[in-house]
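Take a look at the structure set out below.
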Amino acid sequence: MKFTSSFLDTIKSRILVSEIVGKKVKLRRRGREFIGLSPFKQEKTPSFTVNDDKGFYHCFSSGFHGDIFTFLMETEGFSFPEAVRILANQAGVKIPEVFEVNEKQSGDLENLRKILNVAFNWFQDQLRDPNASHAKKYLLERGITLKTIEYFHIGFAPDQINALTSYLISKDFSEDLIIKAGLGVKNESRGKIIDRFRGRIIFPIIDSRDRVIAFGGRTIFGRDPKYLNSPETILFEKRKTLYGLFQARQSIYKSNQIIVVEGYLDVISLHQAGLSNAVSSLGTALTEDHLLQIWKYAAEPIICLDGDSSGRDAMCRVADKAFPLLKPGKSLSFASIPDGDDPDSYIKNKGLNEFKLILERAMSLSEFIWNVESSVQRLDTPERRAYFESRLLEKTRLIVDSKVRREYEDFFKKMIWEKFRMFKKQTSGKALPFSSTKQDSFVANQKKTDPLLVLQKILLLLMINHPFVLEDQENAADQRSVDNLAKLDFSSKKLEKIRREILSLVGKNDLSMERIMQHLESRNLKNEIKLISTQEIIVHALFTKPGAKKQEVFLGLKGILNRYHSLTLKQERKEAGKVFSKTGKAEDAGRLVSLRKQEIELDSAR
């Protein structure tokens, strides 16, 4: 059986040499390497070294040299295929039943690396060109130094239709290879390929062995999308790739810690400021593959995403994904950036020391889950407290490792006992409060109580504080949001009454927040308004606050409408499923399939 080099590289990228060797040899760190007594020859003075950066070990006393595969072969007597199977299983990489490599496949891989390297150098040359002074000015104004630009090999794609593709064709690369490499796309109207990246700052994406595998581009002309990555290839899978990992490895080894942020510029700013153990997930959600990868480098990585609602939502999703994967000694910490900031902007505005304080105050995963769950749940009745407790303990059942699961159960039971004891003391002899006075800024768990109701309240608050969302808009996308908002039909009778009263004012003069409030109060809806303007609603959708920028408001509106549509589709599908299970009719099955397709299409468009 033959294995492709890319398949073997995937296994190597997931397992450190020191991780395999350390099971047989007691290693201690010496600079960038590890040193220990030779497993091949008896010795008193250590002469055996392991270098994770270069992916090999070397024994000076015996002359043996190799990688993770040869180490198993030399110390355990396995054949090469057996060693590959063992390590593939450890790395979580599936081996196809038939794995044959031919010369054409090998040649394709070599050509792909070659064209990516040519593009890598070309992008950097474009940034050095005097005609790209505006691109360099943009980077310098963002606080990125020339030294950092060189260190991260940042480049530039001119705002031209086929600048790169023409260059590559002149170097005898085929159009088919240019498209496969993700550097060009076929333009049907022009009948030829055009550049994928145009008018963008280019961030090369490097693998753990210092080889370029893809590119990311940020527009400097305000176009959508703001960020654009290479499509996936045989070299590049987003769900397995971390930006900045190669540059961060030495610092990660020294600090035994890794900081996960959201974007390219966050990584670059942190490295430039002195925190060179930062990586990012290419602007996409952190995946299970990412978690397994960062746990190779640190026992408790710090997750530090943007301080807006989407960043907080993302941290909640990371916590949920981590729960089934937890093992003794492997967890996460969560550092919370103030709302409106990201790591890049916070360091520039507040300085490195202030940012370090945020990292020092990072919450453990158990504290984070407790904080999120307890901050959005009213606990003023026995039933609500019982539901809160059952939901927390249900979450612990996701943990596969029995020891970790038991520790979480004990932790949550202790916290529940302390919280309920304090609650009873505070409310003894007093009327129970209508709602908790302290709310946390995490919307993801609010959805677990009554998701549609929360979204309806957010939409009403948006209409009251930003009436322009009810008026005609020049931007087509914004106008679609306005039209969709007007078509909604709220499930809550009280909230629907408020919505209809607000819509009754559309088209009349002076459609302002003050005018809307006066009108609602005149309709005896003052108490109902209090229900939607609570801190727990505002903190989950900061774009509803007066003073929010118009662009942020419409971006928030679009997101809420998408979530609203998704939830209503899900409910309709569940009802359709119940009907079909009773009738078994073809038309009911057709409706069920149609609703499911709509869900998939909506998820794909988001």
Atom NZ of residue position K327 - does it have more than 12 heavy atoms of other residues, nucleotides or ligands inside 6.0 Å? no
Q551 atom CD, neighbour heavy-atom count above 12 within 6.0 Å: no
Could you grab the distance from atom [atom1] of [X] to atom [atom2] of [Y], nearest 0.5 Å is fine?
X    : Y    : atom1 : atom2 : answer
F543 : I560 : CZ    : CD1   : 4.0 Å
S13  : K296 : OG    : NZ    : 6.0 Å
L140 : L146 : CG    : CG    : 5.5 Å
S281 : L305 : OG    : CG    : 7.0 Å
K457 : L459 : NZ    : CG    : 13.0 Å
L452 : L567 : CG    : CG    : 5.0 Å

Checking side-chain polar atoms at under 3.5 Å, does H290 have a donor or acceptor matched by the opposite partner on T287?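 There is such a pair (donor and acceptor under 3.5 Å, judged by atom type) between the side chains of H290 and T287.
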Strictly by modelled atom types, are D341 and S345 linked by a side-chain donor-acceptor pair under 3.5 Å?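 Per modelled atom types, D341 and S345 side chains form a pair under 3.5 Å.
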When you measure from the side chain of T568 to the backbone of Y564, do you find a donor-acceptor pair of N or O atoms at a distance under 3.5 Å? yes
Whether the side chain of N277 engages the backbone of A248 through a donor-acceptor N/O pair (distance < 3.5 Å, no angle test) should be reported.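 Looks like no, no N/O pair under 3.5 Å.
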Tell me, with the steps shown, if V553 and N465 meet side chain to side chain contact (heavy atoms under 4.5 Å, CB included). CA-CA 10 Å; V553 170; N465 290 342; over 6 Å; no
How are the rings of [X] and [Y] set relative to one another: parallel (under 30°), tilted (30 to 60°) or perpendicular (over 60°)?
X    : Y    : result
Y264 : Y243 : perpendicular
F197 : F215 : perpendicular
Y151 : H271 : tilted
F468 : F554 : tilted

Answer yes or no: is there an ion pair linking [X] with [Y], defined by an N-O contact shorter than 4.0 Å?
X    : Y    : answer
R500 : E496 : yes
R223 : D159 : yes
D289 : K240 : no

If you compare all heavy atoms of F156 against all heavy atoms of I202, which two are closest, and at what distance to 0.1 Å?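 Heavy atoms of F156 and I202 come nearest at C-CG1, 4.0 Å.
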